[in-house]
Amino acid sequence: MTATETAPAEAARDFIRDIIRADLDAKRHKTVVTRFPPEPNGYLHIGHAKSICLNFGVAEEFGGRCHLRFDDTNPTKEEQEYIDAIERDVRWLGFDWGQHLYHASDYFEQLYDWAEHLIRAGKAYVDDQTQEKLRATRGTLTEPGKNSPWRERNVEENLDLFRRMRAGEFENGARILRAKIDMAAGNINLRDPALYRILHASHPRTGDKWCIYPSYDFAHGQSDAIEGITHSICTLEFEDHRPLYDWLLDNLPVPSRPRQYEFARLNLSYTVLSKRVLTELVRGGHVKAWDDPRMPTLAGLRRRGVPPAAIRDFVKRIGVAKANSVVDMGLLEFSIREALNKTAARRMAVLRPLKVVIENYPAGKSEELEAANHPDDAAAGVRRVRFGRELYVEREDFMESPPKKFFRLSPGREVRLRYAYFIKCREAVKNAAGEVIELRCSYDPETRGGNTPPDGRKVQATLHWVSAADAVPAEVRLYNPLFTQTVPNAGDFAADLNPNSVEVLTDCRLEPALSKAKAGEPVQFERQGYFCPDPDSKPGRLVFNRTVGLRDTWAKVASGKDG
RNA sequence: UGGGGGAUAGUUCAACGGUAGAACAGCGGACUCUGACUCCGUUAAUCUAGGUUCGAAUCCUAGUCCCCCAGCCA
């Protein structure tokens with residue numbers, strides 16, 4: 001605990017950790033054991049990251065361990081692709097389950113035995129009613145359900161039927177094994193819940209060995225008990241499953257007694273964290289794939305250039321509680337900038353090029369200038385950038401008739417080109433349509449390296465630029481929120497989709513050093529944001545993703561109170 | 001009109017009967033070869049009504065509002 005003493009401010013504090021601390025203090029457990037239990041029916045998203053960081057984080061902090069356990073009890077929805085993706089994403093996020101990789105399907109035989117145990121104890125029965133009948137007799141939120149006519153079947157008959165279910169004698173849905181609890185319970189989960197259903201489906205791991213599969217409720221708690229989980233942490237919607245979780249553990253000869261605790265799942269503004277909706281986005285072609293950079297999936301965030309440390313930092317900032325809430329996307333962006341600012345190399349890239357001709361710079365001449373790779377980290381070194389008579393600057397860095405607070409280029413205005421020279425705009429050349437297509441400027445040789453000239457005159461802006469002669473062309477993809485609403489309507493999400501969630505710029509010009517950027521390696525395009533090469537990049541056709549823009553005070557001023 | 005949860009600055013989370021605090025956002029300023037970063041300052045909250053107490057966000061009572069549950073999904 002020296003670590004917590006040296007860095008007390010870092011000690012995470014929330015009701016889950018309070019419970020664990022108290023349990024440990026009371027010696028209820030020798031070590032804490034948690035688990036992250038995804039169902040392999042989709043990709044992990046940032047909401048899962050909250051759970052992963054909580055479960056693995058708690059284990060780490062208290063010197064325990066965390067298992068990765070696939071909750072693979074429904075072969076009709078689960079796929080190997082998802083299993084692989086989940087393992088990859090958890091590792092990428094920075095967590096390691098060591099030898100503790102498990103599957104609920106590892107316990108199918110034991111679970112089956114426990115089902116027979118319940119039957120023998122007169123606490124479970126095979127019900128022959130149809131699904132419709134079951135629904136009709138379950139009662140409603142305010143009315144109790146009705147007992148099944150098969151509820152009092154004797155043990156032998158139940159055992160025989162259940163074994164024949166396993167043997168494959170019946171069709172899907174023909175029969176079901178139910179717990180015998182209380183059809184009048186206010187908690188609907190206690191109204192003789194399903195324990196096993198017939199599913200003639202091939203399982204990613206057990207193949208065709210089984211044609212009956214345990215329900216979530218019958219698998220989860222017992223799996224926890226088998227693995228010696230001490231704290232089974234899940235989301236709020238499982239709160240009213242807890243009595244069933246406890247009932248099962250209390251009525252079965254399980255090897256340990258875990259406890260379930262629930263916390264509020266993450267909601268993020270302007271996106272959706274629902275596997276159902278995310279799956280539909282992919283299948284419906286609203287995004288390119290699970291790893292589309294617009295997706296809140298870990299795969300999508302990774303492709304977009306978000307470092308795992310940023311996600312961990314974000315999760316730390318949002319805390320853990322029981323109140324439903326919607327976290328501002330801006331907070332995630334803050335964590336991303338915070339992480340990237342420290343590490344990303346600085347480069348210059350012009351996204352929407354506007355040609356500049358330096359009239360007093362000799363044609364045919366060029367020179368190399370030194371540029372820092374990171375302004376706050378000399379160890380990051382320098383690179384050389386070529387300067388010449390023809391350059392490109394950002395279109396939006398020029399305005400013919402600028403508003404009061406616009407500091408950049410306009411006719412007669414002088415600015416600094418980063419690491420290069422002061423230039424002064426003499427004239428804007430227009431095409432027949434009246435659009436500015438070129439700037440005629442002059443430079444001051446005494447400002448080389450971007451330094452202040454001997455006469456001490458200052459400029460109000462420093463612009464990024466690239467030399468026209470050796471800039472490399474590239475495509476840059478800018479991303480905006482996937483949805484237009486803070487809280488999209490999950491029921492009819494299509495109506496809330498942002499039609500401008502991606503903007504593809506195909507005529508960008510990058511400084512040559514960028515052609516050596518490695519996939520996934522973050523860089524800052526100065527004055528613009530953080531970017532990273534996309535896997536779509538090919539030799540001669542670079543593609544960059546904008547991870548997140550820089551904080552832009554000017555944009556706020558410009559949109560707020562216009563000129 | 002059933003059962004289970006939850007309400008604290010704009011947002012998210014603290015405060016565990018003893019001065020309501022942080023982060024993000026906002027606003028103002030300093031610095032600046034990125035209108036970035038950094039730094040300084042600042043605005044801003046206990047769902048309501050009663051009660052207990054020297055003292056209540058916290059305990060009690062009664063309300064209000066929000067979320068979840070009627071899969072052989074998890």
Side-chain angles (χ1 to χ4, degrees), chain A residues 9 13-15 18 37-39 41 71 73-74 76-78 127 130-131 134-136 138-145 172-178 184-191 193-199 212-213 215-217 219-220 234-243 262 264 266 269 275-276 316-328 330-335 337-338 341-342 346 348 371-372 375-376 405-408 416-420 422 447 449-452 459-464 524-529 549-558:
Chain A
R13 209 71 221 212
D14 54 65
F15 78 98
D18 285 347
E39 183 192 11
N41 67 342
D71 229 329
T73 57
N74 187 349
T76 66
K77 294 189 174 172
E78 298 153 7
D127 196 329
T130 62
Q131 190 162 181
L134 247 30
R135 193 183 313 122
R138 189 160 18 236
T140 69
L141 294 180
T142 53
E143 299 160 328
N172 287 356
R175 283 179 232 266
I176 181 181
L177 182 73
R178 304 176 77 180
N187 182 341
I188 291 175
N189 293 298
L190 262 19
R191 318 238 264 230
L195 266 25
Y196 264 92
R197 73 279 211 199
I198 300 171
L199 245 33
I212 58 171
Y213 291 93
S215 63
Y216 161 82
D217 289 299
H220 204 95
C234 62
T235 45
L236 254 29
E237 64 268 30
F238 292 100
E239 249 170 339
D240 44 18
H241 286 245
R242 182 160 19 99
E262 311 86 11
L266 170 67
S269 63
K275 266 203 260 185
R276 196 206 94 231
K316 191 180 298 173
R317 286 170 189 277
I318 60 176
V320 179
K322 296 197 70 160
N324 301 100
S325 60
V326 180
V327 176
D328 194 322
L331 186 59
L332 207 214
E333 294 181 345
F334 174 84
S335 289
R337 291 192 190 101
E338 175 115 312
N341 177 44
K342 284 179 275 188
R346 309 289 123 127
M348 291 198 285
D376 308 319
K405 295 237 185 74
F406 185 83
F407 301 153
R408 285 107 97 147
R416 169 173 22 233
L417 292 184
R418 189 135 162 97
Y419 300 121
F422 281 21
T447 57
N451 291 123
T452 305
V459 289
Q460 284 189 106
T462 297
L463 309 186
H464 61 278
Q524 183 193 99
F525 289 179
E526 292 216 36
R527 301 208 306 132
Q528 307 199 89
L550 251 29
R551 188 159 165 272
D552 190 349
T553 309
W554 163 244
K556 217 178 327 185
V557 174

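Treat the numbers as computed from the prediction; the structure is a model and nothing was measured.
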Note, Thr73(A) side chain near Ser215(A) side chain (heavy atom, < 4.5 Å):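 A side-chain contact is absent here, since even the closest heavy-atom pair is not under 4.5 Å.
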Student check: side-chain heavy atoms of Arg197(A) and Asn74(A) closer than 4.5 Å: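 In short, these two side chains touch, coming nearer than 4.5 Å.
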Check whether any side-chain N or O of [X] sits under 4.0 Å from OP1 or OP2 of [N], and answer yes or no.
| X | N | value |
| --- | --- | --- |
| Arg138(A) | G71(B) | yes |
| Lys322(A) | A7(B) | no |
| Thr142(A) | G3(B) | no |
| Arg408(A) | G35(B) | no |
| Arg551(A) | A36(B) | yes |

Pairwise C1' distance for A7(B) and U34(B), with rounding to whole Å: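 Those two atoms are separated by 43 Å.
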What is the distance, to the nearest angstrom, from the [atom1] atom on [X] to the [atom2] atom on [N]?
| X | N | atom1 | atom2 | answer |
| --- | --- | --- | --- | --- |
| Lys316(A) | C24(B) | NZ | P | 14 Å |
| Arg527(A) | A36(B) | CZ | P | 11 Å |
| Asp552(A) | U34(B) | CG | P | 15 Å |
| Asp376(A) | C39(B) | CG | P | 11 Å |
| Phe334(A) | A23(B) | CZ | P | 10 Å |
| Asn324(A) | U11(B) | CG | C1' | 15 Å |
| Leu331(A) | G10(B) | CG | C1' | 13 Å |

RNA chain B: 5'-proximal contact among Glu237(A) and Arg135(A) (nearest heavy atom):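 Taking each residue's closest nucleotide, the earlier one in sequence belongs to Glu237(A).
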Residue closer to the 5' end of RNA chain B, Ser325(A) versus Gly450(A) (nearest nucleotide):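 On the 5' side of the pair lies Ser325(A).
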What nucleotide among [options] has an atom nearest to a side-chain atom of [X]?
| X | options | answer |
| --- | --- | --- |
| Thr553(A) | C69(B), C72(B), G35(B) | G35(B) |
| Val327(A) | G2(B), C72(B), U12(B) | U12(B) |
| Lys556(A) | A70(B), C27(B), G35(B) | C27(B) |

Main-chain N/O of Phe15(A) paired to Lys322(A) side chain as donor or acceptor, under 3.5 Å: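 Between the backbone of Phe15(A) and the side chain of Lys322(A) there is no qualifying donor-acceptor contact (under 3.5 Å).
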For RNA chain B, stems built from three or more consecutive Watson-Crick or G-U wobble pairs below 3.5 Å: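 Result, WC/G-U stems under 3.5 Å: B:2-7 with B:64-69, B:10-13 with B:21-24, B:26-30 with B:38-42, B:47-51 with B:59-63.
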Test: Glu338(A) and Arg317(A) ion pair at under 4.0 Å: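 Yes, this pair counts.
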Ionic contact status for Arg175(A) with Asp127(A), cut-off 4.0 Å: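 No, Asp127(A) and Arg175(A) are not salt-bridged.
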With Asp14(A) via salt bridge (Lys or Arg N to Asp or Glu O under 4.0 Å) - residues at least two apart: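 Salt bridge (Lys or Arg N to Asp or Glu O under 4.0 Å) check on Asp14(A) returns Arg17(A).
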Side-chain donor/acceptor contact of [X] with base of [N] under 3.5 Å:
| X | N | value |
| --- | --- | --- |
| Asp18(A) | C16(B) | yes |
| Gln528(A) | U34(B) | no |
| Asp240(A) | G3(B) | yes |
| His241(A) | A74(B) | yes |
| Arg197(A) | G71(B) | no |

Worked verdict on Arg418(A) versus Arg527(A) for side chain to side chain contact (heavy atoms under 4.5 Å, CB included): CA-CA 10 Å; Arg418(A) 189 135 162 97; Arg527(A) 301 208 306 132; 5.9 Å; no
Distance flag, aromatic centroids of Phe406(A) and Trp554(A), threshold under 6.0 Å: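 Ring-ring flag for Trp554(A)/Phe406(A): true, centres closer than 6.0 Å.
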Syn or anti for G71(B) (syn when the glycosidic angle lies within 90° of 0):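 Syn, since the glycosidic angle lies within 90° of 0.
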